[in-house]
*Asks:* 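One structure coming up, written as structure tokens, with questions to follow.
Both counts, for ligands and for their atoms, begin at 1 and track the order of listing.
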Amino acid sequence: MIHQDIVLKLSGEILGKNSRTSIAPQYIHHYVTEIKAAYQLGTQIAIVIGGGNIWRGKQAAKLGMSKEAGDYMGLLATVMNGIALHHALQAVGLSAVLMTRLAIPAIGEPYYPTKAKEYLSQRKIVVLAGGTGEPGCTTDSAATLAAIELEVDICIKGTQVDGVYTQDPKQNPAARLYTTLSLKEAIKKQLEVMDRGALKMCIANQMNIHVYNATRPQELRKVLCGEKVGTLLY
Ligand code: UDP
């Protein structure tokens with residue numbers, strides 16, 4: 001195993017993929033299976049969950065709402081996913097804690113890096129919902145921020161594609177997958193990896209990101225074992 005402790009950013013969008021419900025049981029089950037396998041390798045895991053399956057801030061404009069109000073709805077969507085994931089992890093016997101940056105004490109503990117580190121060292125999985133707690137960014141920024149605060153080895157981002165491509169693979173079948181790529185290069189080439197702010201934060205704090213396909217079984221274990229999957233951004 002090449003990474004002892006990780007922040008794992010999981011896309012919310014996958015949870016509702018091709019499904020009539022926003023949170024489909026088969027995708028929650030898939031995430032839990034992958035996380036359990038990673039946990040059994042001995043990895044300390046903090047998970048930042050997205051909310052795109054339920055709501056994204058940019059949808060607010062169509063309702064005539066401010067972007068800020070829409071972002072808060074998005075933040076609440078991440079909390080809904082967080083509750084579902086936390087419950088599903090516990091249901092398979094994994095010890096997990098739900099922490100939120102957006103304070104909702106009835107649902108999760110307020111997030112403090114020191115407390116989260118303590119849980120991780122006790123072999124608890126930390127589910128971190130409520131993004132950064134602030135409107136105006138995405139859970140990618142929440143994940144990189146948490147990775148830096150928790151001083152983990154790497155931030156691993158699960159998406160629906162195999163990694164970072166030269167162009168959008170859905171639009172251009174000739175797009176090539178990068179195995180490695182510098183964070184600076186990703187910004188320069190304006191590749192859609194993460195928010196620009198999140199990438200800059202990683203450069204400033206020497207935090208690497210590994211992007212992989214979270215829909216594929218066993219893929220997270222492969223990333224953790226150093227097999228050549230996805231894209232490593234350094
Ligand atoms: N969001 C926000 N601040 C944050 C994180 C998320 O305002 O720190 C809002 C934003 O509107 C975003 C939505 O929550 O569109 C859902 O998060 P995200 O798009 O990151 O979900 P994912 O694509 O990972 O499922």
Side-chain angles (χ1 to χ4, degrees), residues 6-19 21-24 27-28 30-31 34-35 45-86 88 98-104 107-108 110-113 116 126-150 155-161 163-164 168 170 191-202 207 209-215 220 230 233:
I6 62 170
V7 164
L8 176 64
K9 153 73 211 288
L10 289 176
S11 138
E13 205 170 315
I14 292 173
L15 291 175
K17 206 175 150 211
N18 306 327
S19 173
T21 95
S22 312
I23 306 177
Y27 294 122
I28 278 279
H30 167 70
Y31 272 170
E34 294 295 294
I35 294 162
I45 310 168
I47 302 162
V48 170
I49 184 82
N53 52 321
I54 300 169
W55 187 263
R56 284 186 204 282
K58 59 185 174 203
Q59 292 169 255
K62 288 185 200 146
L63 297 177
M65 290 166 57
S66 70
K67 172 78 167 52
E68 191 184 32
D71 280 341
Y72 275 114
M73 286 172 71
L75 285 169
L76 291 174
T78 72
V79 176
M80 289 172 72
N81 286 336
I83 296 171
L85 184 61
H86 176 232
L98 178 62
M99 300 186 97
T100 65
R101 282 211 200 243
L102 191 68
I104 314 181
I107 287 168
Y111 166 82
Y112 294 107
V126 174
V127 178
L128 181 49
T132 60
E134 299 287 335
C137 55
T138 71
T139 48
D140 286 348
S141 294
T144 50
L145 183 61
I148 292 159
E149 288 170 343
L150 299 174
C155 179
I156 300 179
K157 174 178 166 162
T159 68
Q160 298 194 60
V161 290
V164 183
D168 183 349
K170 286 182 195 141
L191 297 172
E192 279 186 31
V193 186
M194 276 198 173
D195 298 351
R196 211 181 150 84
L199 294 175
K200 284 190 166 173
M201 207 191 314
C202 286
M207 177 58 65
I209 305 168
H210 200 125
V211 181
Y212 80 106
N213 189 333
T215 68
L220 178 59
L233 291 123

*Asks:* Are I54 and L15 side-chain neighbours, meaning at least one heavy-atom pair lies under 4.5 Å?
*Replies:*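 Answer no - side chains too far apart.
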*Asks:* Answer yes or no: is there a donor N or O on one side and an acceptor on the other, between the side chain of N53 and the main chain of I23, under 3.5 Å?
*Replies:*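 No.
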*Asks:* Who's touching ligand 1 if we go heavy atoms under 4.0 Å?
*Replies:*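 The answer is K9, S11, G12, E13, G50, G51, G52, W55, R56, G57, D71, G74, L75, G131, T132, E134, P135, G136, C137, T138, T139, counting any residue whose heavy atom sits under 4.0 Å from ligand 1.
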*Asks:* Tell me, please, which residues at least two apart from E134 pass side chain to side chain contact (heavy atoms under 4.5 Å, CB included).
*Replies:*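 Only T132 meet the side chain to side chain contact (heavy atoms under 4.5 Å, CB included) criterion with E134.
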*Asks:* Just to verify, what does K157 make a side chain to side chain donor-acceptor pair (under 3.5 Å) with, not counting sequence neighbours?
*Replies:*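 Only D140 meet the side chain to side chain donor-acceptor pair (under 3.5 Å) criterion with K157.
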*Asks:* Quick one: does any side-chain atom of S22 pair with a main-chain N or O of G16 as donor and acceptor, under 3.5 Å?
*Replies:*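 Pair absent, no side-chain N/O of S22 close to backbone of G16.
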*Asks:* Could you name each residue pair satisfying salt bridge (charged side-chain N to carboxylate O under 4.0 Å, His left out) that touches residues 50-63, not counting sequence neighbours?
*Replies:*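 Every salt bridge (charged side-chain N to carboxylate O under 4.0 Å, His left out) pair that includes a residue of residues 50-63, provided the two are not neighbours, is E13-R56.
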